[in-house]
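What follows is a set of notes on a single structure, which appears directly below.
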Amino acid sequence: MQPFAQRLLDWFDRNGRHDLPWQHPRTPYRVWVSEIMLQQTRVETVIPYFERFTASFPDVQSLAAAPVDDVLALWAGLGYYARARNLHRCARTIVEDHNGHFPRERVALEALPGIGRSTAAAIVAQAHDAPEAILDGNAKRVLARHAAVDGWPGSTASQKTLWREAEARTPASRCADYTQAIMDLGALVCTRSRPDCAACPVAVDCGARLQERTAELPHPRPKRERPTRTRWAALLHAPEGIYLEQRPPSGIWGGLYTLPEAEDPEHLEAWVHTHWPRAEALAGDALNHGFSHYQLDLRVQRYRLPAGECGIMDAPGVIWYKPGQSRPAGIPAPIQGLLQSEKDSGHGTNR
DNA sequence: CACTCGTGGGC
DNA sequence: TGCCCAAGAGT
């Protein structure tokens with residue numbers, strides 16, 4: 001029987017994905033950008049973002065020279081915004097400390113912000129054909145099945161085993177193709193539900209299949225009790241516009257512009273008076289135009305906007321939208337509803 | 001090690 | 001419909 005890697009490579013030549021945008025041309029910069037975007041994010045979601053991003057920032061120099069707000073603007077909607085902030089920081093480090101060139105060593109890449117072991121390995125493997133093992137979500141699923149690794153793949157013990165399996169199977173040559181191949185196999189054949197074992201080039205010696213456990217491997221994450229969190233957003237609306245604020249650089253939606261978030265809706269009026277005195281004055285005008293003092297909307301995510309598309313900024317992080325012409329597409333008209341709650345669902349439950 | 005960080009799709 | 005998860009990394 002052919003080695004695992006050889007069977008995977010033969011399958012990849014016929015059935016793999018060879019036309020992803022970051023494969024043509026496959027430069028370290030484009031591989032890096034794609035790998036960061038692809039962290040915990042599906043390929044189909046990433047593609048349009050990658051196209052727009054690399055059109056605006058075709059190289060690490062243009063990215064490093066840009067304001068971080070412009071980077072976040074291109075990232076808006078993709079999620080996990082720390083990736084964008086780290087990407088920008090990393091670009092500046094590359095330009096300032098590495099003469100504009102990416103390190104060719106995996107360990108050196110791991111020292112850069114936003115680049116962990118798997119991403120560093122993927123970059124050097126894809127860009128330089130270096131024999132480094134990756135362990136992304138696809139590889140974890142493929143290896144957990146083929147080596148019949150019990151336990152949740154995110155646990156320390158399972159990861160140790162999976163890294164060992166990943167390293168043992170990584171070939172000395174054609175490593176760029178191999179890393180792409182194992183990801184393609186996981187994405188196209190060895191899928192989470194209903195894997196297509198009949199089409200799998202390594203099914204003959206797959207532990208999970210031989211044990212008839214493909215449906216139960218990899219094991220799911222252990223459940224845990226999660227607190228319910230409620231977010232309250234204050235929509236401070238006036239005839240002049242909608243009041244947004246720039247969020248702190250860390251935490252959820254860091255650096256983006258959203259509606260002000262209230263801790264306690266019962267005392268929202270006092271809260272507005274304390275934190276947004278100017279908005280209150282304008283909201284008073286709104287009363288005379290038939291609006292309530294302020295209106296509340298929990299659909300915070302729909303108001304998340306990049307700075308570049310915003311209206312007048314008259315103070316750092318404070319933006320006024322004028323009704324009509326200046327209200328950007330994507331900002332719905334004010335709604336009349338008052339308070340609703342939103343409970344945490346799902347996010348933060350993965351790693 | 002536990003937790004956080006987004007959004008969208010599958011079932 | 002609620003739940004799980006996806007080309008992980010930082011704190």
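To find a chain, count down the sequence lines: A is the first, B the second, and so on, and within it residues start at 1.
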Ring pair (Phe, Tyr, Trp, His ring centres under 6.0 Å) against A:His219, all qualifying residues, sequence neighbours excluded: none
For B:dT7, does either OP1 or OP2 sit under 4.0 Å from a side-chain N or O belonging to A:Tyr81? yes
A:Phe102 and A:Trp32 aromatic ring geometry - parallel, tilted or perpendicular at 30°/60° bounds: tilted
Which part of the nucleic acid, if any, lies within reach of A:Ile115 when heavy atoms closer than 4.0 Å are counted: base, sugar-phosphate only, or nothing? sugar-phosphate
Interatomic distance where CG belongs to A:Asp136 and C1' belongs to C:dC5 [whole Å]: 14 Å
Check against ring pair (Phe, Tyr, Trp, His ring centres under 6.0 Å), A:Trp75 and A:Tyr49: CA-CA 7 Å; A:Trp75 208 274; A:Tyr49 283 88; 7.8 Å; no
Contact nearer the 5' end of DNA chain C, comparing A:Leu112 with A:Glu35: A:Glu35
Round to the nearest Å and state the distance from A:Arg89 atom CZ to C:dT11 atom C1'. 12 Å
Checking A:Asp70 side chain against A:Ala66 main chain: does a donor-acceptor pair fall under 3.5 Å? no
Answer with yes or no whether the side chains of A:Ser158 and A:Thr161 bring together a donor and an acceptor at under 3.5 Å. no
Would you kindly say whether A:Thr179 and A:Gln126 are connected by a side-chain donor-acceptor distance under 3.5 Å? yes
Please report the distance, rounded to the nearest Å, between CH2 in A:Trp152 and P in B:dC1. 10 Å
Please check the phosphate of B:dC5 (OP1 and OP2 only) for any side-chain N or O of A:Trp75 closer than 4.0 Å. no
Check whether any side-chain N or O of A:Ser193 sits under 4.0 Å from OP1 or OP2 of B:dC11, and answer yes or no. yes
Within this structure, what is the CG-to-C1' distance between A:Leu78 and B:dG8, rounded to whole angstrom? 11 Å
Under 4.0 Å between a side-chain N/O of A:Thr45 and OP1 or OP2 of C:dA6, yes or no? no
Candidate nucleotides C:dA9, B:dC1, B:dG6, ranked by approach to the side chain of A:Thr41 - the nearest: B:dG6
Rounded to the nearest Å, what distance is computed from the CZ atom of residue A:Arg141 to the C1' atom of nucleotide C:dA6? 8 Å
Select base, sugar-phosphate, or nothing to describe what A:Arg194 touches, counting heavy atoms under 4.0 Å on all strands. nothing
Determine the Euclidean distance between corresponding P atoms of C:dT11 and B:dG6; express it in Å to zero decimal places. 14 Å
How about A:Asn138 and A:Arg141: does a side-chain donor come under 3.5 Å of a side-chain acceptor? yes
Whole angstrom is fine here: how far is it from OH in A:Tyr80 over to P in B:dT4? 11 Å
Among residues 179-188 of chain A, which ones have heavy-atom contacts with DNA chain C below 4.0 Å? A:Gln180, A:Met183
Please state how far atom CD1 in A:Ile36 lies from atom C1' in C:dA6, giving the value in whole angstrom units. 16 Å
Quick check on DNA chain B: between A:Glu44 and A:Arg83, whose nearest nucleotide comes earlier from the 5' end? A:Arg83
Which residues, if any, of residues 21-32 of chain A bring a heavy atom under 4.0 Å of DNA chain C? A:Trp22
Looking only at side-chain N and O atoms, does A:Arg30 offer a donor or acceptor that is under 3.5 Å from a partner on A:His24? no
Quick one about A:Asp184 and A:Gln180 (side-chain donor to acceptor, distance below 3.5 Å, no hydrogens or angles considered), yes or no? yes
Any A:Arg42 side-chain nitrogen or oxygen under 4.0 Å from OP1 or OP2 of B:dG10: no
Geometric class of the A:His18/A:Phe12 ring pair [parallel <30°, tilted 30-60°, perpendicular >60°]: tilted
In plain terms, say whether A:Arg174 and A:Asp13 are close enough for a salt bridge, that is, a side-chain N and a carboxylate O under 4.0 Å apart. yes
C:dC3 phosphate, OP1 or OP2, under 4.0 Å from A:Lys223 side-chain N/O: no
Separation of atom CD in A:Gln40 from atom P in B:dG9, rounded to whole Å: 17 Å
Whole-angstrom distance between C:dC4 and B:dC3, as gauged at atom P: 15 Å
Given C:dA9, B:dT7, C:dC4, identify the nucleotide with an atom nearest to the side chain of A:Arg192. C:dC4
